Number of protein chains: 2
Amino acid sequence: MTRPAKRTTIADVARAAGVSPATVSFVLNDTPGQSIPEETRSRVLEAVRRLDYRPRGSARSLAAGRSDVVLLSIPHLSIGPGITRFVEQFAASLADAGLTLVTHLAGAPGRPLPDVCAAVDASVVAGLDPFDEDTARGLRRAGADVVFTTDVEARPTLRGMGRLQAEHLIALGHRRLGYAMPEHPLLRKIADERLLGVADACAQAGIDPPLALDTKLDLTAMARAARRWRRESVTAVCAYNDEVAIALLAGMRHARMTAPGDLAVMGADDIPLARLTDPPLSTVAFDLEKVGRSLAEAVVATLSGGKPRVSPASLSPHVIHRAST
Amino acid sequence: MTRPAKRTTIADVARAAGVSPATVSFVLNDTPGQSIPEETRSRVLEAVRRLDYRPRGSARSLAAGRSDVVLLSIPHLSIGPGITRFVEQFAASLADAGLTLVTHLAGAPGRPLPDVCAAVDASVVAGLDPFDEDTARGLRRAGADVVFTTDVEARPTLRGMGRLQAEHLIALGHRRLGYAMPEHPLLRKIADERLLGVADACAQAGIDPPLALDTKLDLTAMARAARRWRRESVTAVCAYNDEVAIALLAGMRHARMTAPGDLAVMGADDIPLARLTDPPLSTVAFDLEKVGRSLAEAVVATLSGGKPRVSPASLSPHVIHRAST
DNA sequence: CTGAAAGCGCTAACAT
DNA sequence: ATGTTAGCGCTTTCAG
């Protein structure tokens, strides 16, 4: 409980530079409508550097009425190499706009998102998927704008992934598809959406709807599912993601089935290991960095009064065709 | 730039409850040395609920001189199911202590950690590995304490993972080991540490030091490495992690080698897919949730003046023996 | 062009 | 037992 050494404040910098705190603030924020002579400006910046001064976020937001913190909520399950690239690009783009990104792993424990939002005084909260109405209201009341990668209207675009998987398989001549659902209940909502995309594509091609089966990351369970699909004359299955797809491939091997002969398999997300299966896994993927960039734009737009919106085009997924289909 | 609707403040709550702001603050913070009658207390809490009031972090930290925000820096590479469990448990334990966790993906782009720290006004910054001296100084100057899962003294414990891999293989009769280094340079430091553990175990067993080879997540590169090890009469290899191990298994298959006959393989981290390889992958793993809990304790201890320290015992890894070794 | 001064929302002495 | 008051570090009018 020892009161720690006083940190350097704007007053220290002002003193060191021989100007007033206000001037320091002007320089640091490039406050428009001020004309600081180059001389003074550099004197201030020099002092800032020398003292390694960093304005306190809390004081800044309190005074300015808005913070430059953006909070990203990530469902604690969809974490993989892809999301990392997305977050990095998102953070970088935000940084270009002078905003700071921090991340929160949504999930059962810990504190509710609105509390976190209030704690860091975020001015924008972003998520991959829309929050439930309660949460959204809480966030707004906590003073934050809310932005998503996929807003409600862009929803159909989210199905694009499933649709693309299916279209690829249908183009290859498959007339009866399966869908491998993920194990975890929290993934269900996304999975349902992707499955809908597959169903759309099937309907459009005039073939039976996909046979969706629950799966587990387990050899025998996967083998059973594979056999079941074969029994039902399914010739190709879309997996929720690459991990499920790899597990299915393993299950098939266990059931002495081979891909793509007995069953063609298609993954999603293009994780590194997808390239290493036997046969290598075909998959669909987003350009995650593009998504990150575009979400950052949406954030900036929101902050300057525009409406939160991500252009659906930015989500366009693409197929990576390998030997497993 | 429309000034948004004024958010509810402690004054609103005070008014609604018919008390002074100070009283509300006392109730909300369980300020010690105050005796608020149950009556008043519940009246305040009721008002808080009705107004869905959430104190602003920035105002709180500014006034109190310390925030309840903890910032966790994650190297943007070590993201996987394991780290997720760790973060969740860490967040939950911190929440129990009234602290809020947010996370920052360290990496090239975005802003430097000390800036993020200042922006959210974190009172503690935690990391998996020690930061470089510059960063650490910046953080301290930004007013944060710094805590790690593995502090310098606990360092030897970090080697435990490598050591355990090696000991397991040596117990199985292997006399010449290999080590599969990860591809990404940022993983290098951790890998070196783990490799040191393997080397220790070898030295202790009186056998040759491990033959470390750089690897890539690529079939032919892995096949080449596998052949090289065989040529050098290595009979078992410790992989940096399960992903590398799985890739090695794939490379061996490609080179028509089988595990564990031609080469025994041992992974690390126990990712779900490790169970599904052929043969299933033996691996070593931490109890990540225990680590999360114990790091939270270290944070709390630091905050109450103790010194940042994680008990090495909490990092004790264990072997998961499967068919690949 | 620069400084003085008034808060932002909250906490923590200090009064009552 | 509760209210009053003085800031926390910064931004931002408004004067000079």
Side-chain angles (χ1 to χ4, degrees), chain A residues 1 3-15 17-44 48 51 53-69 98 118-121 123 141-143, chain B residues 1 3-15 17-44 48 51 53-69 98 118-121 123 141-143:
Chain A
M1 278 299 166
R3 195 147 296 291
K6 211 174 132 321
R7 282 174 258 171
T8 67
T9 76
I10 199 172
D12 298 327
V13 177
R15 210 170 308 121
V19 297
S20 82
T23 306
V24 176
S25 175
F26 292 151
V27 171
L28 254 34
N29 299 312
D30 285 317
T31 310
Q34 303 291 139
S35 34
I36 314 275
E38 201 41 59
E39 219 281 350
T40 313
R41 172 182 224 71
S42 59
R43 196 145 35 89
V44 168
V48 166
L51 298 171
Y53 168 71
R54 241 176 292 265
R56 263 207 189 201
S58 46
R60 262 169 66 84
S61 20
L62 188 53
R66 63 199 141 60
S67 82
D68 60 0
V69 173
V120 297
D121 207 356
S123 53
R141 192 143 27 208
Chain B
M1 277 300 168
R3 195 145 297 291
K6 212 175 132 320
R7 281 174 259 171
T8 65
T9 76
I10 200 171
D12 299 327
V13 177
R15 212 171 307 120
V19 297
S20 84
T23 306
V24 176
S25 175
F26 290 153
V27 171
L28 253 34
N29 299 313
D30 285 317
T31 311
Q34 304 291 138
S35 34
I36 314 274
E38 201 42 58
E39 219 279 358
T40 314
R41 170 181 224 73
S42 58
R43 196 145 36 89
V44 168
V48 166
L51 298 169
Y53 168 70
R54 241 176 293 264
R56 262 207 191 202
S58 47
R60 262 169 67 86
S61 19
L62 188 53
R66 63 196 142 60
S67 82
D68 60 359
V69 173
V120 297
D121 207 355
S123 53
R141 192 142 29 207

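As the structure is a prediction and not an experimental result, all values here were calculated from the model. Below, chain A is the first sequence line, B the second, and so on; all start at residue 1.
- Close to dG9(D), at under 4.0 Å from its OP1 or OP2, lies no side-chain N or O of Thr9(A).
- Looking at the side chain of Ala22(B), the nearest of the listed nucleotides dG3(D), dC10(D), dC10(C) is dG3(D).
- Listed nucleotides: dC10(C), dC10(D), dC1(C). Nearest to the side chain of Pro37(A): dC1(C).
- When all heavy atoms are compared, the tightest approach of Arg56(A) to Leu62(B) is NH1-CA, 4.2 Å.
- The shortest distance between side-chain heavy atoms of Arg41(A) and Asp30(A) falls below 4.5 Å.
- Remark: P of dC1(C) and CD of Glu39(A) are 13 Å apart, rounded to the nearest angstrom.
- Taking both residues in full, the closest heavy atoms of Ser61(A) and Gly57(A) are given as OG-O, 2.6 Å, listed atom of the first, atom of the second, then distance.
- For Ser25(B), the listed nucleotide lying nearest its side chain is dT11(C); candidates were dT11(D), dT11(C), dC1(C).
- Closest heavy-atom contact between Arg7(B) and Ala142(A): NH1-O, 3.1 Å.
- In plain terms, the two heavy atoms of Gly18(A) and Arg43(A) that are nearest each other are O-NH1, 4.1 Å.
- If one axis is set at each end of the helix from dC1(C)-dG16(D) to dT16(C)-dA1(D) from five pairs, those axes are 40° apart, to 10°.
- At whole-Å resolution of the value, CD1 in Ile10(A) and P in dG3(C) are 12 Å apart.
- A close approach under 4.0 Å does occur between a side-chain nitrogen or oxygen of Arg66(B) and OP1 or OP2 of dA12(C).
- Proximity of Thr23(A) to the phosphate of dC1(C): no side-chain N or O atom is located under 4.0 Å from OP1 or OP2.
- Residues Ala119(B) and Asp68(A) share a closest heavy-atom pair of CB-OD1, 4.4 Å.
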Show your reasoning for whether side-chain contact (heavy atoms from CB on, under 4.5 Å) applies to Val69(B) and Asp121(B).
CA-CA 7 Å; Val69(B) 173; Asp121(B) 207 355; over 6 Å; no
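- At whole-Å resolution of the value, CG in Asn29(A) and P in dT12(D) are 7 Å apart.
- Residue Ser61(B) is out of contact with every strand shown, counting any heavy-atom pair closer than 4.0 Å.
- Between the C1' atom of dG7(D) and the CG atom of Leu62(B) lies a distance of 9 Å, rounded to the nearest Å.
- Atom CZ in Arg43(B) sits roughly 12 Å away from atom C1' in dA1(D) (whole-Å rounding).
- Atom CZ of Arg66(B) sits about 12.5 Å away from atom OG of Ser58(A), to the nearest 0.5 Å.
- In this structure, Glu38(B) places its CD atom 11 Å from P of dT2(D), rounding to the nearest Å.
- In this structure, Thr40(B) reaches the sugar-phosphate backbone alone: every heavy-atom distance under 4.0 Å involves primed, P, OP1 or OP2 atoms, never a base.
- With sequence neighbours excluded, the residues forming a salt bridge (charged side-chain N to carboxylate O under 4.0 Å, His left out) with Arg141(B) are Asp52(A), listed by chain and number.
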Under 3.5 Å, which N/O atoms of the protein pair with N/O atoms of nucleotides 14-16 of chain C?
none

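- For the side chain to side chain contact (heavy atoms under 4.5 Å, CB included) with Leu28(B), the qualifying choice from Thr23(B), Val48(B), Val13(B) is Val48(B), the only one to do so.
- Here dC8(C) presents its P atom at 20 Å from CG of Asp121(B), a figure rounded to the nearest Å.
- At dG9(C), none of the side-chain N or O atoms of Tyr53(B) fall inside 4.0 Å of OP1 or OP2 (strictly under the cut-off).
- Summarising the geometry, the separation between CZ on Arg56(A) and P on dC8(D) is reported as 11 Å, rounded to the nearest angstrom.
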